[in-house]
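Written out below as structure tokens is the structure these notes cover.
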Amino acid sequence: SGGAFGAPRGQQERERGRVRAEEQRVLNERFEAEWKGAYDLVEEVRDVMAPTRKSTVIDLETGLEGRETPEETVRRERVMRAYSAAARALERALRIRPEAEQVQALRRDLGQKIGQLALRGRDYFLARESFQQLENHGLTEGEVNKLTDRVAIVTGAGSGIGQAVACLLYTSPSPRD
């Protein structure tokens, strides 16, 4: 029997199957392009941060605040731009294949690195947001809380560390004294 406009039903089903296969091929190509683009961005800056110091803003042993050199700031910002672009590409890839564990793993890794770099640059809002988004990518609430606790420690939220550092900075002798 014929379908709409006189086309046999089998022919319509074959055409729908061909269209679905073409749509799947396009999605696969988009997924691969996003995944490869993200991977390439990460590889491009892999060794950029190697010469820099540790990522904490305040040394919890001494209470002293670390400062970046201008060169370290430029490197950190370059890496953050690349990591952010890579994270966006991974998000697009995950919309196509949410089950892709390798993509999820890289997205989690980038989220943690972006948060750590934001802490180093004293962008506490970005650090907290980067860490909190990791719950959407497979980290447990407890794991996310451990990361956001680092932001609270550095900013002094919920403890006296921030006030103690501010007090030390305020009461430290000036060369003019």
Side-chain angles (χ1 to χ4, degrees), residues 23-159 161-162 165:
E23 289 171 348
Q24 188 60 48
R25 185 191 63 76
V26 169
L27 285 175
N28 287 340
E29 286 177 2
R30 281 185 36 214
F31 174 84
E32 292 299 326
E34 297 292 359
W35 166 239
K36 183 180 181 331
Y39 186 82
D40 289 348
L41 283 165
V42 172
E43 285 298 308
E44 182 182 308
V45 295
R46 177 175 297 285
D47 298 323
V48 172
M49 293 304 293
T52 63
R53 292 175 282 110
K54 58 184 178 176
S55 65
T56 57
V57 176
I58 296 176
D59 184 329
L60 297 177
E61 291 179 17
T62 65
L64 298 175
E65 185 176 23
R67 294 283 182 183
E68 286 182 321
T69 65
E71 295 81 18
E72 288 173 326
T73 300
V74 168
R75 285 195 303 265
R76 179 182 46 77
E77 289 174 351
R78 176 179 170 213
V79 170
M80 284 185 73
R81 280 191 300 276
Y83 283 176
S84 294
R88 288 188 303 274
L90 293 172
E91 293 285 344
R92 290 188 296 270
L94 286 167
R95 277 189 232 120
I96 297 168
R97 288 193 200 154
E99 75 286 352
E101 184 51 42
Q102 192 175 13
V103 177
Q104 283 283 12
L106 182 56
R107 179 61 185 86
R108 281 190 301 270
D109 183 52
L110 286 179
Q112 289 184 34
K113 288 179 178 180
I114 291 167
Q116 291 165 353
L117 290 169
L119 272 177
R120 183 182 296 177
R122 293 172 181 76
D123 188 340
Y124 306 122
F125 178 79
L126 176 59
R128 187 175 294 106
E129 288 296 310
S130 295
F131 293 146
Q132 287 174 340
Q133 286 182 14
L134 293 172
E135 200 168 344
N136 298 331
H137 299 288
L139 260 61
T140 66
E141 184 179 350
E143 292 169 320
V144 170
N145 287 341
K146 285 180 186 177
L147 293 168
T148 56
D149 285 350
R150 292 176 61 196
V151 178
I153 289 169
V154 170
T155 61
S159 73
I161 293 174
V165 170

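What's counted below: heavy atoms across the whole structure, side chains too, no hydrogens, waters or symmetry copies.
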- Does atom CZ of R108 have more than 12 heavy-atom neighbours from other groups under 6.0 Å away? yes

- Message: Tell me the closest heavy-atom pair linking A127 and G115, and the distance in Å.
- Response: CB-O, 3.5 Å

- Is any side-chain N of the basic residue among R88 and E91 closer than 4.0 Å to the acidic one's carboxylate O? no

- The reported gap from CG in N145 to CD in E135 (rounded to nearest 0.5 angstrom) is 7.5 Å

- Query: How long is the gap from OG1 on T155 to CZ on F125, to the nearest 0.5 Å?
  - Reply: 13.5 Å

- R97 meets the salt bridge (Lys or Arg N to Asp or Glu O under 4.0 Å) criterion, sequence neighbours left out, with E32

- So, for A100 and L94, which heavy atoms are closest and what is the spacing to 0.1 Å? O-CD2, 4.0 Å

- Task: Step through the shown structure and confirm whether more than 12 heavy atoms of other residues, nucleotides or ligands are within 6.0 Å of OH on Y39.
- Result: no

- Can you establish whether the number of heavy atoms outside E141 located under 6.0 Å from its atom CD is more than 12? no

- Quick one: closest heavy-atom pair of L147 and L134, and the distance? CD1-CD1, 3.7 Å

- Interatomic distance, D109 atom CG to H137 atom NE2 [nearest 0.5 angstrom]: 12.5 Å

- Task: Over all heavy atoms of both residues, which pair between Q104 and P98 is shortest? Give the atoms and the distance, please.
- Result: NE2-O, 3.7 Å

- For the side chain of E72 and the backbone of T69, is there at least one donor-acceptor N/O pair under 3.5 Å apart? yes

- Task: List the steps, then state whether salt bridge (Lys or Arg N to Asp or Glu O under 4.0 Å) holds for R25 with E29.
- Result: CA-CA 6 Å; R25 185 191 63 76; E29 286 177 2; 2.3 Å; yes

- Query: At what distance, to the nearest 0.5 angstrom, does CZ of R107 lie from CD of Q112?
  - Reply: 10.5 Å

- Note on the structure: The side chain to side chain contact (heavy atoms under 4.5 Å, CB included) partner of V45 among R81, R78, M80 is R78

- Of all heavy-atom pairs linking A38 and A86, the shortest is CB-O, 3.5 Å

- Given the rule in the side chain to side chain contact (heavy atoms under 4.5 Å, CB included) test, do L41 and Y83 qualify, once you have shown the distances and angles that lead to the verdict? CA-CA 7 Å; L41 283 165; Y83 283 176; over 6 Å; no

- CD/Q102 to CG/L90 distance, rounded to the nearest 0.5 angstrom? 10.5 Å

- List the atom of A93, the atom of E34, and the distance in Å for their closest heavy-atom pair. CB-CB, 3.8 Å

- Query: Just wondering, more than 12 heavy atoms not from E99 lying within 6.0 Å of its CD?
  - Reply: yes

- Message: Can you see whether R128 engages Q133 through a side-chain donor-acceptor pair at a distance of less than 3.5 angstrom?
- Response: no

- Message: Show, in sequence, the C-alpha distance, side-chain angles and deciding distance for F31 and R92, and conclude whether the side chain to side chain contact (heavy atoms under 4.5 Å, CB included) test is met.
- Response: CA-CA 8 Å; F31 174 84; R92 290 188 296 270; over 6 Å; no

- Item | Worked verdict on E143 versus K146 for salt bridge (Lys or Arg N to Asp or Glu O under 4.0 Å) | CA-CA 5 Å; E143 292 169 320; K146 285 180 186 177; over 6 Å; no

- Between L119, I114, L139, which is the residue that forms a side chain to side chain contact (heavy atoms under 4.5 Å, CB included) with F131? L119

- Query: Roughly how far, to the nearest 0.5 Å, is CG of L117 from OG of S84?
  - Reply: 9.0 Å

